[in-house]
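As a basis for the values below, the full set of heavy atoms in this structure was taken, side chains included, without hydrogen atoms, waters or symmetry mates.
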Amino acid sequence: MQVSGALRFIILTEIVFPILLLTFGIYHGVMQVLYRAGIIKAESFLGIDYYQGLTLHGVINVIVFTTIFIVGFSNAIVMYTLKKPLREKVQWIALGMMVVGTLMAAWAMFTGRATVLYTFYPPLIAHWTFYLGAVLLVLGSLVPFFFDWIPSAIEWKRENPDQKLPLAVFGTFVNFILWTIMIIPVAVEILFQLLPLSLGWVDEINPLLARTLFWFFGHPVVYFWLLPAYVALYTILPKIVSEKGKLYSDAAARLAFILFLIFSLPVGLHHQFTDPGITNTWKLIHALFTFGVALPSMITAFTVAASLEYSVKAEHPELKNSKFYWWTFLPYMRLEGNKWMFSYFFAGLVLFFIGGITGIVNASYNVNLAVHNTAYVPGHFHTTVGGLVLLVFFALALYMVSKLRGTDVKFKGLAVLAPYFWMQGMFMFSYAMMVGGILEGFPRRTNAGLTYLNPDSPLYRPEWVGYAQLSVVGGVLLGIGFILFFISLIGTLLAPKVRESTLEFPIADAYHDENIPVLNNLKTWTVAAIILAVLSYIPPLYDASVRGIFFNSPAYNEKFPMPLKQLQGAEKKEKKEISKAEKEVAKK
């Protein structure tokens, strides 16, 4: 499919720009393990302190990179699948909003005005540009969905009244419906709590209400990151394995997407099991829905495995009676054609298997109390967004750059090795974090190298040293994996053009392709998802804002244990006294 120069530039920007930013995020990830293990015994390095780097690592990796990349991939897959060009004006507006919003938030973080971590929990408060930048980024990501993809899908449906919406578009629409719903509460938090507090329009806000609004968004966002990878698993992976590859069941894939839409929203309270003021009954209900959200992942596990088996056996008929031997024919290290992409999908699936199991453990009320705020939580979290999501996005980025630039993928050998380095590094890092957290209580977030891992400190905990050192080895391997991928990406981006620039994807047909109307009706399932989300959050929001409120809180920053307004008042008083003293000296 031919793509105009402007649209090609927009999609390439949405792919390459967030990966360039990701270099900062991954660099600070490696720095985190060095700080925590005590290899760097300092509060800062090269002008960026530990918690500032932790904020950059979290926000860039899981908000900025994922959001902009998902828009770029979704633009490409919707345009290619519907065979309809994108609307250039709409796309320019969306890209402009996302880039401006990102730069505003980046300025606040790099200058130390937004050291509030990924969760931006109050009463810690950031500069207003951080919050406004986040709002612009998110709103910009919705512009293509409402003003480009939906009109194109309506046009396509008029032209093809008897056909169901292509699976890739169906999954993308489910993802952005979910995204639209989940950002409403966090937008309310930012616009009516955090921004007014940051600008000094109010003196205090309700932190428990803010946390509850955040987690309405904060856990479902995991599925916003995950569903584009699922789109690729269903529609692209079978064709990577074999030219004769097929998706095992279109209906199973659509059912999984619908179940994600239904179950992904009423789950946020499992992040607030230790928060007082919210009724335990509703925490239990959200825990049950969290277990329910494992169901579409189980359906996907079966569907993907069946698709791989069919695809291998279609190419190798002699394996038709094989139960397990066919696994040895998967292209784990193959370089020809698009088979190099398989290593990213495979490594990501292995990591996601671990992430899914540990997530179920984490959602259990009793076990959650044991692991809450320990290193177990980021250890689990990294195997999901840092596993399947990131590795599939890397593969798609390299593939799309080569097609849109009209070049071959460069340094394919390095590209194929990259996900295996990444997987091994993630094994070691996550094992150290999770085992150290659940067995020894190793804390998350903390700059442990200055205290708990410092033999000269009265807080020294020698039982944590081995876990911290193992996480360093894992972090270094993760960094090497990223460097190998990045070399291939930059080489492909800068390589001379050898063919015409195109937009194409190896889309697999379905082996079982039944047309089940109830699985194609997105309007009904969207209404159901909204009703369930509203019903599951009205009582907790009432608890947080009325019944369970203990007190409101003024704003703080991360460096001083006193309210920000009081601190600012003391600074103004000090400046006045200095100015007065300077004037008296001048008179004398």
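- The nearest pair of heavy atoms linking Arg8 to Val3 is NH1-O, 3.1 Å.
- Remark: aromatic rings of Phe173 and Phe145 are close, center separation under 6.0 Å.
- Minimum interatomic distance between Gly245 and Ala508 (heavy atoms only, all atoms of both residues): O-CB, 3.8 Å.
- Leu265 has its side chain out of reach of Ile530: every pair of non-hydrogen atoms, C-beta onward, lies at least 4.5 Å apart.
- Taking each heavy atom of Phe216 and Met182 in turn, the nearest pair found is O-CB, 4.2 Å.
- Nearest approach of Leu398 to Ser488, heavy atoms of both residues: CD2-OG, 3.5 Å.
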Walk me through whether Tyr344 and Trp422 qualify under ring pair (Phe, Tyr, Trp, His ring centres under 6.0 Å). CA-CA 9 Å; Tyr344 290 84; Trp422 186 272; over 10 Å; no

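- Under a 3.5 Å cut-off, the side chain of Thr492 and the backbone N or O of Val409 do not form any donor-acceptor pair.
- Heavy atoms of other residues, nucleotides or ligands lying less than 6.0 angstrom from NZ of Lys244 number 12 at most.
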Donor-acceptor pairs under 3.5 Å, side chain of residues 346-357 to any protein atom, not counting sequence neighbours: which ones?
none

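- Residues meeting the salt bridge (charged side-chain N to carboxylate O under 4.0 Å, His left out) test with Glu318, sequence neighbours left out: none.
- For residues 305-329, every residue pair satisfying the ring pair (Phe, Tyr, Trp, His ring centres under 6.0 Å) rule, not counting sequence neighbours, is listed here: Tyr310-Tyr511, His316-Phe329, Tyr325-Phe329.
- Side-chain atoms of Thr23 come within 3.5 Å of backbone atoms of Leu20 as a donor-acceptor pair (strictly under, hydrogens ignored).
- Summarising the local packing, NZ of Lys89 is surrounded by 12 or fewer heavy atoms from other residues, nucleotides or ligands at distances under 6.0 Å.
- For the pairing with Phe69, the ring-ring contact (aromatic ring centres under 6.0 Å, His included) check across Phe393, Phe17, Phe394 returns one residue only, Phe393.
- More than 12 heavy-atom neighbours from other residues, nucleotides or ligands sit within 6.0 angstrom of CZ on Phe342.
- For the atom pair CG (Leu414) and CG (Leu484), the distance works out to 5.5 Å, reported to the nearest 0.5 Å.
- Residue pairs meeting the salt bridge (charged side-chain N to carboxylate O under 4.0 Å, His left out) criterion with at least one partner in residues 141-151, sequence neighbours excluded, are Arg87-Asp148.
- Between Glu159 and Lys83 no salt bridge is recorded (no basic side-chain N to carboxylate O distance below 4.0 Å).
- Nearest heavy atoms, Pro296 versus Ala256: CB-O, 3.5 Å.
- Every residue two or more places apart in sequence or in another chain that forms a side chain to side chain donor-acceptor pair (under 3.5 Å) with Ser141 is listed here: Trp179.
- With Lys313 contributing its side chain and Pro317 its backbone, the two residues share no donor-acceptor pair below 3.5 Å.
- Distance alone, capped at 3.5 Å, places no donor-acceptor pair between the Arg499 side chain and the Gly406 backbone.
- Trp525 CH2: 12 or fewer foreign heavy atoms inside a 6.0 Å radius.
- Between His286 and Leu269, the shortest heavy-atom contact is ND1-N, 3.2 Å.
- For residues 513-529, every residue pair satisfying the salt bridge (charged side-chain N to carboxylate O under 4.0 Å, His left out) rule, not counting sequence neighbours, is listed here: Lys164-Asp513.
- Annotation: Phe482 is not in aromatic contact with Phe421 [ring centroid separation under 6.0 Å not met].
- Phe257 pairs with exactly one of Tyr234, Tyr230, Phe263 by the ring-ring contact (aromatic ring centres under 6.0 Å, His included) rule, that one being Tyr234.
- Taking 4.5 Å as the limit, some side-chain heavy atom of Leu493 sits within range of a side-chain heavy atom of Arg405.
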